[in-house]
Every structure is written in C-alpha cells, then in structure tokens.
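Single-structure report; data block below.
Both ligands and their constituent atoms are indexed starting at 1 by order of listing.
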Amino acid sequence: MGETFYITTPIYYVNDVPHIGHAYTTVAADVAARYHRLKGEDTYFLTGTDEHGGKVAATAAANGMDPQAWTDHISQRFREVWPRLDIANDDFIRTTEERHIKPVQAFLQHLYDKGEIYEGEYEGPYCQSCEAFYKDSELVDGGCPVHKRPVERLKERNYFFRLSAQADWLLNEYYARTPCPVQPESRLNECVAFIKSGLQDVSISRPSLEWGIPLPWDPKHVIYVWIEALQNYITALGYPDGEKFARYWPAVHLVGKEIVRFHAVIWPAMLHAAGVEPPKTIFGHGWLLVGGEKMSKTNLTGIHPFELVDAFGVDAYRYYFLREVAFGQDGSFSWESMEARYTSELANGIGNLASRVAAMIASYFDGAVPAPSGAETDLDAGLAAVCASSVRDYMDSMDALAFHQALEAVDKIVRRANGYIVETAPWVIAKDPDQRDRLARVLYGSAETLRILAVLLSPFMPGACERLWGMLGVAAPLGAQRLPEAGAWGGLTPGATVTKGEPLFPRLDFT
Ligand code: MSP
C-alpha cells in the first residue's frame, strides 16, 4: 500500500457562525490535503463541529432554542461555508452523531476499566469560552489568559484521568521522536514547560451539565467536552475497528496555538494510556489578529469569509492568508494589504504572465504551443533552473507545512518568468523571420513555466489553476498530475491549443 496522509482541523464550536479565523485553519488543511493528493498519497481530510458543553448550551438558551436545534442550525452554517471556499473535505463529523457518541463511551470505559480514571474533587478556575480548567498561577489579572475575561470558580466531584502518570512518556519518548510531533518548536517548548511545571490529573466529567455525552458507568455525569471532542479524530474513522481507522490513523492535526495543550499533552496521553498510537504531528499555528488581539466572536471582531470572497474571489482569498502570514506565527491582515497582494502578485504577477504568453502564442503561432527549436541560451537554461530549484523548495516547504515559503518559491518562478519575457523580448524577435526558432523556444519556455505554476499553485487556488490549465490546452487533466514528475521541465506537449480566455485575476474595482 502507498503512503497515506490524514489531516484534521479542530472541530469548531457551534456557539457562533464561522469567521475567517476558522477558515484560516480549514483552508490550510485543505491546501495540505490537496498537495498530498498531488503527490499521489492516499489522503483523508476531516473537519467538523464541536457541539456539546456549557458554552454551546448557554448560547442555545440565550437564543431561545433547544441545544440540538441550535447545533443543527449552526453546524449547517459551517457546512455551507466550506464548499464556497473550495474546501474538499472527505468527511464532516458532528459530536452529536451516534457514530461519535458510542465509541467515545467505549473509549472512556476502556480507560476506566484499566484504572486510568478515578473519582475525585476539583476546585479551581474554569473559563467557559475556552471550556478549560486553569491553574490559579496561569490567570492574567485574575482572568482567563486567552479571553482576558473573568473565570468561574468550580467546586465539583469529578472523574479524573491520570494525566500525571504520562509526564515521563510525553517528555522522554513522545516528544523525543524524530521528527518531533509537536511543531513549531516554540509550541513544543510551551508544552515541555507546562509539563515540567507539574502535570496534574485532568477532570474528564462535569456533574452539573446536561448537554453532553453521559459517562457510561455513571450517567449522572456528562463527559467534559474537550475529552470527547478530541476523540472525533478517531471516531470519524470508525475507531476501534473501522477500516479507515486502520488505514489512516495517526493524523496530522492543525490547530490554533491556544489549543495546542489539549492536542499535544492530554490527547496523546489518553491515547497512549488506552494503547492507541498518538498523533503523528500537532502543528499549532498563530492567530489572525485584529488591532493586535486574536480575532474572535468574544472580541466582537469576527469577519465572515464571504465578505472577502465576494470582493476578491475564492482563489485570492485562499492564497492571501497563507502568503501573508508565516504559518506558525501570528499575523495581522487588512483589506489594503489583501488588495495590494492581489494586484501585484495575482493580477500583475501570474495573471498578467498568463495573458501575455497566451496572446503571443495566439498571434505568432496561431494559438498552438511551438516546439522548442533552435539553440538554448543561458537565459533559457536559467528559467528552467529557477523552476527546478523552486519546485524542490516548494515541496520541502509544503512537506513542512511552511505554506508561506512554498508560495515564496512560486513567486520566484513568476518573477523570473516575467523577467525572462522582458529580457528575451519576443515582440522584437517576432519581427525577424530568421529568428523563428528563437521565438518558438522563448514561447515554449514561457508556456511551460505556466504549466508548472498551474501544478504548484493548484492546492492553493484550485479554480484559477483549472482555468489556467484550460488556457494551456493540456490534454491530461490537472487532477491527474503528480508531483514531483509534473514539476519537471518539458511536460508541455508542442501543438497544444492555447486560448486566451478571461483574465485569471481581473482588476479590482471597488467603486
Ligand atoms: N471546539 C474547540 C476545538 C476542539 S478540537 C477537538 C475549539 N473550537 S473553536 O471554534 O473555538 O475554534 C478554535 C480554532 O479556530 C482555533 O484553534 C483555530 O484553528 C481557529 N481560529 C479561531 N480564531 C482564530 C484566529 N483569530 N486566528 C487563527 N485561527 C483561529 O477551540
């Protein structure tokens, strides 16, 4: 069997409609999934909604709705947004589904039977927006360190998972694996510091809540929402004995940095205690900031993706965030910077390159890709060399989830190709009938560069790349291309019919 690749997003709380922060992770996961499909790997991409817990119950009540009706309504809002962002997920899990509830109960029963869960008392701070227990020492000015809002003080009889018993395994075995499962390194360091400051057992049940999954051995308690939500990554695959579980697990989890601790400490520890392989990778990316703060509903700064998609189109939307913000770091974004990148890199960059090349092939060669004839010059070799080295940089970066670096490598090709056209000046050569071979080589090279660009950019901008592929008249479908072969120079067949068509990225007009 070939390589498999399983990637997940967090499952989003249904306390509010999606905003561009949720879309950031989902687009990144989709780009990674499409890239791994492009490499020919058997790829599975999961997203979904997290529907239990006090926060969701409270939001439903505030909206005068029963929690199930509320979650049905908001979950639908997530499901309708993803197709419009060209998200090609293989599954969408909801934690109120039977296929989640039953295996969650079985998993916890298994841990309970193994003595990994015991009954005790919890007293301390709890942030409902995070649905997280904190230590007093972690509070900032007495409030939640993420939301900067007051916390509740809980005192409850709970069941606890023996997380403390896993500290040694986490630090000395799991995190010591090569490559390290927790990325980037700053996130690993946070987890190490957290564990070394004294890992405490974690509460896994809430006696005072109703909106949740009952504990199988004590149904007066519901399972603490995080403990069951994390399991979506395996229940969606049909854990414990589903064919997909055997085929795809373990996963690469993309998560925002505020929930790395759940994914990189509690989740692997629970899996390990249950005798299940822990995740392959947990990548904690940064936040999209508005006014220096995390963009969120709580901060009243949530922006719906459609506001930007309507203005810039879905391809530019997907491209912009992964180009603008180094994946792993926080980043601010603005309408102005999105407009600037759209114009310089998409409309004037690749868009202009494509229309120029198509127009020249139309007028000088009746729209048929010419065969590269005549001698190769240093300029020609230089263009092919930039493509070859950029394809390598692109693949290394994509393998490392460094989307911004991959797009930098792509941009290098676009800049070189535009330079190549200026330096070779086909419109000058075209006037000299003795330079027909030279003209053919220059335009073949330019069109071939576009073909490589269409392949490399297809995970980021699937729609625009399909249109570019159509312009180039390549017989084999874009979806059938495979890296690294499709990135090698010379794939374009002479004679293919190039059509100019509509601009890939029309100029923006907000008047
Ligand atoms: N339900 C939990 C996750 C459970 S996973 C087993 C949760 N949900 S959430 O709706 O709050 O979504 C949080 C995730 O949305 C973040 O981890 C991140 O992936 C994404 N983002 C939400 N706001 C964001 C920004 N402002 N910037 C970047 N990503 C953001 O936590």
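Listed for the His272 side chain is no donor-acceptor partner under 3.5 Å among the backbone atoms of Trp267. A distance-only check finds no donor-acceptor pair linking the side chain of Arg162 to the backbone of Tyr118 [under 3.5 Å]. Side-chain N or O atoms of Glu41 include none that pairs as donor or acceptor with a backbone N or O of Gly2 at under 3.5 Å.
With hydrogens left out, the protein atom closest to atom 12 (O) of ligand 1 is Tyr12 CD2, 3.5 Å, a heavy atom. Looking at atom 23 (N) of ligand 1, its nearest protein heavy atom turns out to be His19 CE1, 3.4 Å. At the top of the distance list for atom 24 (C) of ligand 1, counting protein heavy atoms only, stands Gly21 CA, 3.5 Å. For atom 26 (N) of ligand 1, the closest heavy atom belonging to the protein is Met295 O, 2.9 Å. Remark: minimum distance from atom 10 (O) of ligand 1 to any protein heavy atom is reached at Tyr13 N, 3.0 Å.
Set against the non-hydrogen atoms of His263, the atoms of ligand 1 under 4.0 Å away are 5 (S), 6 (C). Interface atoms of ligand 1 facing Asp50, defined by a heavy-atom separation under 4.0 Å, are 1 (N), 2 (C), 4 (C). Interface of Ala229 with ligand 1, defined as ligand atoms under 4.0 Å from a residue heavy atom, comprises 6 (C). Close approach of ligand 1 to Gly286 (heavy-atom distance below 4.0 Å) involves ligand atoms 28 (C).
No heavy atom of Lys257 sits closer than 4.0 Å to any atom of ligand 1. For the ligand labelled ligand 1, residue Cys130 lies outside the 4.0 Å heavy-atom shell. His285 counts as a contact of ligand 1, since one of its heavy atoms falls under 4.0 Å from the ligand.
The proximity of Trp226 to ligand 1, defined as any non-hydrogen pair under 4.0 Å, is limited to the side chain. Residue contacts with ligand 1, taken as heavy atom pairs separated by less than 4.0 Å, involve Glu258 solely via side-chain atoms from C-beta onward.
Residues His19 and Phe306 place their aromatic rings such that the two centres sit no closer than 6.0 Å. Aromatic rings from Tyr159 and His221 are positioned such that their centres are separated by under 6.0 Å. Ring centroid separation for the pair Trp335 and Tyr342 does not come in under the 6.0 Å cut-off. Checked against the 6.0 Å centroid criterion, the rings of Phe45 and Tyr6 do not qualify as a close aromatic pair. Tyr12 has its ring centre less than 6.0 Å from the ring centre of Phe78.
At a 3.5 angstrom cut-off on N or O pairs, Thr25 counts as close to ligand 1. Here's the thing with Leu288: one of its N/O atoms is less than 3.5 angstrom from an N/O atom of ligand 1. Any N or O atom pair closer than 3.5 Å counts here, and Gly256 shares at least one such pair with ligand 1.
Ring pair Phe327/Phe403 is perpendicular by interplanar angle, where above 60° counts as perpendicular and below 30° as parallel. Ring geometry, Trp249 versus His253: the interplanar angle falls from 30° to 60°, so the pair is classed tilted.
Taken to the nearest 0.5 Å, the CE atom of Met338 stands 9.5 Å off from the CG atom of Leu346.
Nearest-residue assignment for atom 6 (C) of ligand 1 (options Tyr233, Phe321, Trp287; heavy-atom criterion): Tyr233. With atom 2 (C) of ligand 1 as the reference point, the heavy atom nearest to it among Ile259, Leu289, Val56, Ile11 is part of Ile11.
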* **Tyr24 and Trp287: CA distance, side-chain angles, deciding distance, side chain to side chain contact (heavy atoms under 4.5 Å, CB included) verdict** => CA-CA 9 Å; Tyr24 180 61; Trp287 288 338; over 6 Å; no
